[in-house]
J.: 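Just passing along the structure, written as structure tokens.
Small disclaimer: the values here were computed from a predicted structure and weren't measured.
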Amino acid sequence: MYKNFLSVKIAELTVVDLLKDSLYDLVSKCLCLEELHLIRCKLPSSSLELNSPESNLKCLVLKNCCIYDCDRSFSHVSINIPTLLRFKYEGSSCYPSINNAENLIEAEIKLDYSEKNEHGLFFNLLKDLRNVKVLTLCFRYLEVVDTNGGRSLLPPLCNLKHLAITLLLAENALPSLMCLLRNSPCLETLSMNLQLNRYDLSEDVYNEVEAPILVPHILPSDCVMHLTKIEITNFQGLKVEMEFVKMMLQSSLCLKGMVICISSRYEHLKKKLGRLFDEIGDQTKKKMFDEILQKKRDAAVENLLACTCVSPDARILIK
């Protein structure tokens, strides 16, 4: 197979059944190959191992690959390509192991996964990614991070400058995110996508009188001293979200801008509830819930605009 790719620099294989050792041959023997994308490809083994220190590969993308004949996900994924600069992995199974990743500067990991030892697996993954500058994480449950009172012993990400992260349940995941921020002292930009899988109209937006949900001391200012930009999408205005925004504004001394997208979340909820009431033919309740959603959105915006910033240059933009 590899003999046909000796001069190829970029290869993308989509829905291809790969024979035993063919992937290794492609990576290790095609020395001109610098970028490889495997999308929904199938391999014969339950383990995906690419141990190819002789390769010149700079970019590797593995997206939803599996074992053929049964379509099961891999039980083990191990990558050893020292020349890698960019790595993207998306799947529903195991955490990848990335060996000799000293040159890796950009990584994207998307997983839908859960098991008892997941904290240890996450720890090892961050250890592999300790030199990255750009990191994108999308986990089903970020609370695998053992917050340990806000002092989790996660590996430091001292070179990380740009972090993008998707959170499924904010009330469970935000404390874990704060622990991750503690371990990223050079972070400059933070992008958050809040993906709540439920909505309770009885839940109030942030109330200043109530006790804070997050503990301020677990994110001292020196942990976010380089942070200049924060972007939050699908913001809903829940208590834990508001508390996080307040904490970031009061901790980020060099913050220049915070962009909060709230309209998309409320428009989604409005359409979802609208379809429900259209199905049962109750336009009166539809109008009532539209009004409730609008009031909650207005209250969330009002609370956001009332937040104080420790940085004199910080600006809050609400979309």
J.: Measure the shortest side-chain to side-chain distance between K161 and H226 over non-hydrogen atoms and say whether it is less than 4.5 angstrom.
T.: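 When only atoms from C-beta onward are counted, H226 and K161 do not touch, as no gap falls below 4.5 Å.
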J.: Identify, with sequence neighbours excluded, every residue that meets side-chain contact (heavy atoms from CB on, under 4.5 Å) alongside K295.
T.: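 Per chain and number, K295 pairs via side-chain contact (heavy atoms from CB on, under 4.5 Å) with no residue.
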J.: How many angstroms lie between CG in L104 and CG in L85, if you round to the nearest 0.5 Å?
T.: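 One gets 7.5 Å once the value is rounded to the nearest 0.5 Å.
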J.: Starting from Y24, can I reach L31 by hopping between I/L/V/M/F/W/Y residues whose side chains sit under 4.5 Å apart?
T.: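 Hydrophobic grouping puts L31 apart from Y24.
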J.: So do the side chains of H162 and E188 get within less than 4.5 Å of each other, counting heavy atoms only?
T.: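 In short, these two side chains touch, coming nearer than 4.5 Å.
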J.: Given 3.5 Å as the limit, does a donor-acceptor pair link the side chain of K9 with the main chain of S7, or not?
T.: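 No.
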J.: I'd like to check S55 versus L33 (side-chain heavy atoms, cut-off strictly below 4.5 Å). Are they in contact?
T.: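 No, their side chains stay 4.5 Å or more apart.
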J.: List the steps, then state whether side chain to side chain contact (heavy atoms under 4.5 Å, CB included) holds for L84 with N103.
T.: CA-CA 6 Å; L84 273 185; N103 294 314; over 6 Å; no
J.: How would you list, by chain and number, every residue that makes a salt bridge (charged side-chain N to carboxylate O under 4.0 Å, His left out) with E90, sequence neighbours excluded?
T.: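 Per chain and number, E90 pairs via salt bridge (charged side-chain N to carboxylate O under 4.0 Å, His left out) with no residue.
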J.: Determine the minimum heavy-atom distance between L167 and M192, stating which atoms define it.
T.: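 L167 and M192 have their closest heavy atoms at CD1-CE, 4.0 Å.
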J.: Should V61 and L129 be counted in the same cluster of Ile, Leu, Val, Met, Phe, Trp and Tyr side chains packed under 4.5 Å apart?
T.: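 No, it is not one cluster - the side chains of V61 and L129 are not joined through contacts under 4.5 Å.
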J.: Sort out for me which residue in I39, L26, L23 forms a side-chain contact (heavy atoms from CB on, under 4.5 Å) with L13.
T.: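 Going through the options one by one, the only one that passes is L26.
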J.: Looking at side-chain heavy atoms only, is the closest gap between M248 and L227 below 4.5 Å?
T.: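 Of all side-chain heavy-atom pairs linking L227 with M248, at least one is under 4.5 Å.
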J.: How about V224 and L190: do any of their side-chain heavy atoms sit closer than 4.5 Å?
T.: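 With C-beta onward as the side chain, the pair stays apart.
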J.: Any side-chain to backbone donor/acceptor pair from S75 onto S46? Under 3.5 Å, distance only.
T.: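 Side chain of S75 to backbone of S46: a pair is present.
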J.: Main chain of C138, side chain of T166: is a donor-acceptor contact present, judged purely on distance under 3.5 Å?
T.: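 Pair absent, no side-chain N/O of T166 close to backbone of C138.
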J.: If you round to the nearest 0.5 Å, how far is CZ of F244 from CG of L249?
T.: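 Reported to 0.5 Å precision, the distance equals 9.5 Å.
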J.: Give, for atom CG of L43 and atom CG of L18, the distance between the pair rounded to the nearest 0.5 Å.
T.: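 Output value for this atom pair is 5.0 Å.
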J.: To the nearest 0.5 angstrom, please state how far the CD atom of E49 sits from the OG atom of S97.
T.: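 Interatomic distance, E49 CD to S97 OG, rounded to 0.5 Å: 9.5 Å.
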J.: To check you understand the geometry: which heavy-atom pair defines the closest contact between S251 and M247, and what is its length?
T.: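 The answer is OG-O, 2.7 Å.
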J.: Apply the side-chain contact (heavy atoms from CB on, under 4.5 Å) test between V245 and each candidate in I316, V240, L304; give the one that qualifies.
T.: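 The residue from I316, V240, L304 that satisfies side-chain contact (heavy atoms from CB on, under 4.5 Å) with V245 turns out to be L304.
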J.: Does either side chain, that of T233 or that of N193, offer a donor lying less than 3.5 Å from an acceptor on the other one?
T.: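 The answer is yes; a qualifying pair exists.
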J.: Can you confirm whether E302 is buried at CD, in the sense that more than 12 heavy atoms of other residues, nucleotides or ligands lie under 6.0 Å from that atom?
T.: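 Incorrect, the count does not exceed 12.
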J.: Quick check on the hydrophobic clustering: are L180 and V134 connected, directly or via other members, by side-chain heavy-atom contacts under 4.5 Å?
T.: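 No: no chain of side-chain contacts under 4.5 Å links L180 to V134.
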J.: Is it true that V259 and L305 fall in one hydrophobic cluster, defined by side-chain heavy atoms closer than 4.5 Å?
T.: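 No, no single cluster joins them.
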J.: Out of curiosity, M242 CE to F235 CZ, how far, rounded to the nearest 0.5 Å?
T.: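 So the gap between those two atoms works out to 5.0 Å.
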J.: I'd like to check L238 versus L194 (side-chain heavy atoms, cut-off strictly below 4.5 Å). Are they in contact?
T.: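 They are not in contact (no side-chain heavy atoms under 4.5 Å apart), so the answer is no.
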J.: If you group Ile, Leu, Val, Met, Phe, Trp and Tyr by side-chain heavy-atom gaps below 4.5 Å, do V27 and V8 land in one group?
T.: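 Yes.
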J.: Would you find a donor on one side and an acceptor on the other, under 3.5 Å apart, between the side chain of T83 and the backbone of L57?
T.: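 Side chain of T83 to backbone of L57: a pair is present.
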J.: Could you pull out all residues at least two apart from E108 that satisfy salt bridge (charged side-chain N to carboxylate O under 4.0 Å, His left out)?
T.: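 E108 satisfies salt bridge (charged side-chain N to carboxylate O under 4.0 Å, His left out) with K88, K110 once adjacent residues are dropped.
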J.: Assess whether side chain to side chain contact (heavy atoms under 4.5 Å, CB included) is satisfied between N183 and L126, documenting all intermediate values.
T.: CA-CA 10 Å; N183 289 68; L126 290 188; over 6 Å; no
J.: Locate the shortest heavy-atom distance separating A314 from C309; write the atom from each residue and the value.
T.: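 In terms of heavy atoms, the two residues are closest at CB-CB, 3.9 Å.
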J.: Tell me which one of N80, N99, N100 satisfies side chain to side chain donor-acceptor pair (under 3.5 Å) with N51.
T.: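 It is N80, the one option of N80, N99, N100 that forms the side chain to side chain donor-acceptor pair (under 3.5 Å) with N51.
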J.: The test is side chain to side chain contact (heavy atoms under 4.5 Å, CB included); show your working for I98 and Y89 and say whether it passes.
T.: CA-CA 11 Å; I98 313 164; Y89 179 82; over 6 Å; no
J.: Please report the interatomic distance CG(L163) to OG1(T189), rounded to the nearest 0.5 Å.
T.: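 Atom-to-atom, L163:CG and T189:OG1 are 8.0 Å apart.
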J.: Which atoms form the tightest heavy-atom contact between L111 and C94, and what is the distance?
T.: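 Minimum heavy-atom separation between L111 and C94: CD2-O, 3.6 Å.
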J.: Is there a side-chain contact between K29 and E54 (heavy atoms, below 4.5 Å)?
T.: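 Heavy-atom side-chain distance check fails, nothing below 4.5 Å.
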J.: Looking only at heavy atoms, what is the nearest atom pair of P82 and P53, with distance?
T.: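 Smallest heavy-atom distance, with atoms named: CD-CA, 3.6 Å.
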J.: With no hydrogens and no angle check, is any side-chain donor or acceptor of E241 less than 3.5 Å from a backbone partner on Q236?
T.: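 Checking the backbone N and O of Q236 against the side chain of E241, a donor-acceptor pair under 3.5 Å is found.
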J.: Work out which heavy atom in D128 is nearest to a heavy atom in P96; give both atom names and the distance.
T.: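 Minimum heavy-atom contact is OD2-O, 4.3 Å.
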